[in-house]
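So the structure is just underneath, and the comments pick up after that.
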Amino acid sequence: MGEDLYVAYMDNKHLIKQNAPAHITNFNYPDGCNYELSNWITKKSAQTLEMLRYCGEGSGSLKDVLFDDDGQVIVYPRLRDLCVFDCNDGKGELKTDKSIVPFPVLQHLRVYSNCIFKDDTLFRGSGKTLISLGIGLHRGFVDIFRKYKLFSQGAYPNILHISATHDIKSSLALPADEFAKAVFGLISAATQSMTINGGIAYQHIASIMPTSPYLKNIQILKCTSTILSLLEILGVFKYFPHITDFECSFRGIDSDLGAIQDKLIPSHLGMQYSQLSSRLKCLHL
């Protein structure tokens with residue numbers, strides 16, 4: 001039976017190795033921990049790991065996840081959930097065999113907070129297994145996705161949920177229109193929900209929505225920090241015809257939800273919006 005392990009602050013490295021579980025399934029390595037990941041993760045322990053959360057606190061490297069003390073690549077045959085915060089790829093020093101897939105069954109990948117990588121190692125081989133992706137999308141990631149054709153149709157055929165964060169304070173922050181284009185480029189025919197974190201305006205997505213072929217399948221759309229007018233909300237609904245749950249900030253004329261819903265379906269806008277009202281279950285404004 002596997003065990004959960006949450007690494008906290010311990011001062012004795014020998015005590016760590018002595019008390020580390022033999023079969024770890026869930027591993028949480030928080031920010032502020034003083035010991036290298038290799039003190040815990042080895043080729044043997046990686047065989048049972050199913051969830052890994054690693055915070056590099058700015059100085060941590062993806063090498064800590066991918067290589068053991070002997071420089072051998074670690075493969076995680078059961079890892080389904082990987083969350084990486086605030087780390088890099090060792091200044092581009094990763095040199096893994098392209099035939100090796102470190103995470104062959106990965107389903108949930110979250111990469112946030114100033115993570116900077118220069119190749120596709122983290123994403124390699126998980127295209128068909130990945131069902132949810134959360135990413136702090138900046139210029140570095142966009143360059144990788146373009147280089148390795150991860151924006152191409154079919155790159156993530158089974159992805160159900162996409163969550164993208166636009167960190168405008170980052171030195172690698174994308175202009176809002178490029179960020180929006182990159183987010184919509186990740187959508188596949190299977191995608192059912194999408195969350196966009198960070199301020200983008202309707203004008204940044206208005207030109208993209210008509211060209212994106214898979215929006216009709218999305219049922220849940222959350223745009224945090226995005227302020228839309230009534231007509232802009234209706235414009236979104238036009239391209240997301242099967243949406244049942246929608247969240248944004250409303251720049252409108254009435255804060256009463258019932259009144260807003262009445263105004264959302266004015267008779268002169270046609271049957272498509274009347275049909276929408278019967279499907280829309282949750283409206284968060």
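What you see below is based on every heavy atom in this structure, not just the backbone, and it leaves out hydrogens, waters and symmetry mates. Because the structure is predicted, anything quoted here is derived from the model rather than measured.
Lys128 NZ: 12 or fewer foreign heavy atoms inside a 6.0 Å radius.
The closest side-chain heavy-atom distance from Leu130 to Leu106 is below 4.5 Å. The shortest distance between side-chain heavy atoms of Arg139 and Pro175 falls below 4.5 Å. Counting only heavy atoms from C-beta outward, the side chains of Val75 and Val101 never approach each other to under 4.5 Å. You'll find the side chain of Phe237 reaches within 4.5 Å of the side chain of Ile243, heavy atoms only. Taking 4.5 Å as the limit, every side-chain heavy atom of Gln219 sits out of range of all side-chain heavy atoms of Ser193. For the pair Met194/Phe184, a side-chain contact is recorded, criterion being any heavy-atom separation below 4.5 Å from C-beta on. Side chains of Gln203 and Glu232 form no contact here, defined as non-hydrogen atoms less than 4.5 Å apart. Taking the side chain as every heavy atom from C-beta outward, Ile196 and Phe179 approach each other to under 4.5 Å.
How far CZ of Arg80 is from NE2 of His108: 9.0 Å, rounded to the nearest 0.5 Å. The distance from atom CD1 of Ile205 to atom SG of Cys223, rounded to the nearest 0.5 Å, is 6.0 Å. Note: Ser212 OG to Ile218 CD1 = 7.0 Å, rounded to the nearest 0.5 Å. Distance CG/Leu137 to CG/Leu186: 6.5 Å, rounded to 0.5 Å. Note that the OG1 atom of Thr25 and the CG atom of Leu49 stand 7.5 Å from one another [nearest 0.5 Å]. Taken to the nearest 0.5 Å, the OG atom of Ser132 stands 7.0 Å off from the CD1 atom of Ile159.
His204 places no side-chain N or O within 3.5 Å of a backbone atom of Ala176 that could act as its donor or acceptor partner. A donor-acceptor distance shorter than 3.5 angstrom exists from the side chain of Asn217 to the backbone of Ala189, with no hydrogens or angles considered. In this structure, the side chain of Tyr156 does not engage the main chain of Leu133 through any donor-acceptor pair within 3.5 Å. With hydrogens and angles ignored, the 3.5 Å screen pairs no side-chain donor or acceptor of Arg110 with any backbone N or O of Ser163.
Taking a cutoff of 4.0 Å between a charged side-chain nitrogen and a carboxylate oxygen, Asp245 and Lys222 do not qualify as a salt bridge.
Aromatic rings from Phe123 and Phe145 are positioned such that their centres are separated by under 6.0 Å.
In this structure, Ile74 is not a member of the same hydrophobic cluster as Val105, with clusters built from ILVMFWY side-chain heavy atoms closer than 4.5 Å. Cluster annotation: Ile135 and Ile144 are assigned to the same hydrophobic cluster (Ile/Leu/Val/Met/Phe/Trp/Tyr, side-chain heavy-atom contacts under 4.5 Å, transitive). There is no path of hydrophobic side-chain contacts, each under 4.5 Å, that joins Ile220 to Tyr214. Hydrophobic clustering keeps Met51 apart from Leu109 (ILVMFWY residues linked when any side-chain heavy atoms are closer than 4.5 Å, directly or through intermediates).
Clustering of Ile, Leu, Val, Met, Phe, Trp and Tyr side chains at separations under 4.5 Å places Leu160 together with Ile131.
Residues Pro77 and Pro104 come closest through the heavy atom pair CA-CG, 4.0 Å. Nearest approach of Gly127 to Pro157, heavy atoms of both residues: O-CD, 3.5 Å. Asp177 and Ile208 make their closest contact through O-CD1, 4.2 Å (heavy atoms, listed as atom of the first residue, atom of the second, distance).
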> Between Val65 and Tyr76, is a side-chain contact (heavy atoms from CB on, under 4.5 Å) present by the stated rule, with each step listed?
Replying inline: CA-CA 10 Å; Val65 177; Tyr76 298 78; 3.7 Å; yes
> After noting the C-alpha distance and the side-chain angles of His242 and Lys216, does the key distance pass the side-chain contact (heavy atoms from CB on, under 4.5 Å) rule?
Replying inline: CA-CA 6 Å; His242 295 108; Lys216 63 181 182 296; 4.2 Å; yes
> Can Phe85 and Val111 be said to form a side-chain contact (heavy atoms from CB on, under 4.5 Å), step by step?
Replying inline: CA-CA 6 Å; Phe85 287 85; Val111 191; over 6 Å; no
>> Quick one, Leu215 with Met209, criterion side-chain contact (heavy atoms from CB on, under 4.5 Å). Give me CA distance, side-chain angles, the key distance, then yes/no.
In response: CA-CA 8 Å; Leu215 301 189; Met209 291 188 294; 3.9 Å; yes
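In this structure, Phe141 and His138 have parallel ring planes: the angle between them is below the 30° cut-off, well short of the 60° mark.
Cation-pi geometry between Arg53 and Phe27 is not met at under 6.0 angstrom from the ring centre and within 45 degrees of the axis.
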